[in-house]
Amino acid sequence: GYLQRKGVLEADALYSDAYYEELAKEHQEDYEQFVDIIAKLYDPVSVVDFGCGPSKMIEDFFSRGTDVLGLDIKRTGFDDTKLPETCFRKQDLTQEVSVGRYDLALCIEVLEHIPEENAREIIASLCNASNLIIVTAARPHQGGTHHFNEKPPVYWQSLFKEHGFK
């Protein structure tokens, strides 16, 4: 991936098991509430999560009978779930990803971890995965662990517009 090519750090050093464990513990209630709201609004039959982290959101969707696929650079967190192996794919999100079509594509607090030179690839991957995409990303100067690309919402909106999204 990008980080390995640039010689920055290996993924295992950059995103440690402790990093994922802290995310899961700190945001478990948030994940459950988010999934509950999204399920009520959109009732997706299938969900792909780009940068699923500790896999808690896809686990919550799966428990509702939703077909799920989680993509992340590491398996940490996934191994502790009750999800079938087919629900996770180790994936470098700096490269364009082909996952087929889903009712909903998620990319929650991930885009700021993708270097600007690879932003178009992940946006293209999201657009190819679904017509319904939910994205959140850190704003400029927000700060956070390994944030390489904090941009204002208008930046991300412009990339989605290149794919016909409004």
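Residue indices begin at 1 and follow the sequence shown.
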Revision key, fill the gap. Shortest non-hydrogen pair, A39 vs P44, comes out as CA-CD, 4.1 Å
Check your understanding: Is there side-chain contact between C107 and I134, with heavy atoms separated by less than 4.5 Å?
Key -> no
**Study point:** Inter-residue atom distance F88.CZ - C52.SG, 0.5 Å rounding
**Key:** 5.0 Å
**Study point:** CD on Q91 to OG on S98, rounded to 0.5 Å
**Key:** 9.5 Å
Exercise for review: Under the side-chain contact (heavy atoms from CB on, under 4.5 Å) rule, what do I73 and L93 come out as? Steps first, then yes or no, please.
Suggested key: CA-CA 7 Å; I73 198 165; L93 296 176; over 6 Å; no
Review point. Say you draw a straight line from OH of Y155 to CG of L111; how long is it, rounded to the nearest 0.5 Å?
Key: 9.0 Å
Check your understanding: Are any of the side-chain heavy atoms of L71 and V97 separated by less than 4.5 Å?
Key -> yes
Practice item. Dump the intermediate steps for side-chain contact (heavy atoms from CB on, under 4.5 Å) on M57 and V47, then the final yes or no. Key: CA-CA 10 Å; M57 281 192 287; V47 175; over 6 Å; no
Review point. Can any side-chain N or O of S125 pair as donor or acceptor with the backbone N or O of E121 at less than 3.5 Å?
Key: yes
**Study point:** Shared hydrophobic cluster, L159 / V154 (ILVMFWY, side-chain heavy atoms < 4.5 Å)
**Key:** no
Review point. If we only count heavy atoms from C-beta on, is the Y102 to V45 side-chain gap below 4.5 Å?
Key: no
**Study point:** Side-chain heavy-atom pair F61, L104 within 4.5 angstrom cut-off
**Key:** yes
Exercise for review: Would you sort out whether N131 and R101 count as a side-chain hydrogen bond (donor to acceptor under 3.5 Å, both in side chains), showing the intermediate values?
Suggested key: CA-CA 9 Å; N131 290 329; R101 296 291 290 174; 3.0 Å; yes
Check your understanding: Would you say the side chain of I123 lies within less than 4.5 Å of the side chain of F160, judging by non-hydrogen atoms?
Key -> yes
**Study point:** E96 side chain reached by I122 side chain, heavy atoms, under 4.5 Å
**Key:** no
Check your understanding: Can you tell if the side chain of F34 reaches within under 4.5 Å of the side chain of I108, non-hydrogen atoms only?
Key -> yes
Check your understanding: Does the side chain of V48 come within less than 4.5 Å of V68's, by heavy atoms?
Key -> no
Exercise for review: Give the intermediate values and the outcome of side-chain contact (heavy atoms from CB on, under 4.5 Å) for residues L132 and Y42.
Suggested key: CA-CA 9 Å; L132 177 60; Y42 302 108; 3.6 Å; yes
Check your understanding: Does K40 come within less than 4.0 Å of D36, counting only side-chain N to carboxylate O?
Key -> yes
Review point. Which pair of non-hydrogen atoms, one from T136 and one from E112, has the smallest distance, and what is that distance?
Key: O-OE1, 4.4 Å
Revision key, fill the gap. Closest heavy-atom pair, D72 versus G51, reported as atoms and distance to 0.1 Å, is OD2-C, 3.2 Å
Exercise for review: Any chance you could measure E59, atom CD, to K82, atom NZ, to the nearest 0.5 Å?
Suggested key: 7.5 Å
Point to revise | Main-chain N/O of I58 paired to D49 side chain as donor or acceptor, under 3.5 Å | key: no
Study note, to complete from the structure: In this structure, CD1 of I38 is separated from CD of Q33 (nearest 0.5 Å) by 12.0 Å
Exercise for review: Search all heavy atoms of I133 against all heavy atoms of L126 and return the closest pair with its distance.
Suggested key: CD1-O, 3.4 Å
Check your understanding: Counting N and O atoms only, with roles assigned by atom type, does the side chain of S130 sit under 3.5 Å from a partner on the main chain of D103, one being a donor and the other an acceptor?
Key -> yes
Review point. Got a salt bridge between K151 and E116, using NZ or NE/NH1/NH2 to carboxylate O under 4.0 Å?
Key: yes
Exercise for review: Would you mind checking if K56 and E32 are paired as a salt bridge, meaning a charged N to carboxylate O distance below 4.0 Å?
Suggested key: no
Review point. Between I114 and A119, which heavy-atom pair has the shortest distance, and what is it?
Key: CG2-N, 4.2 Å
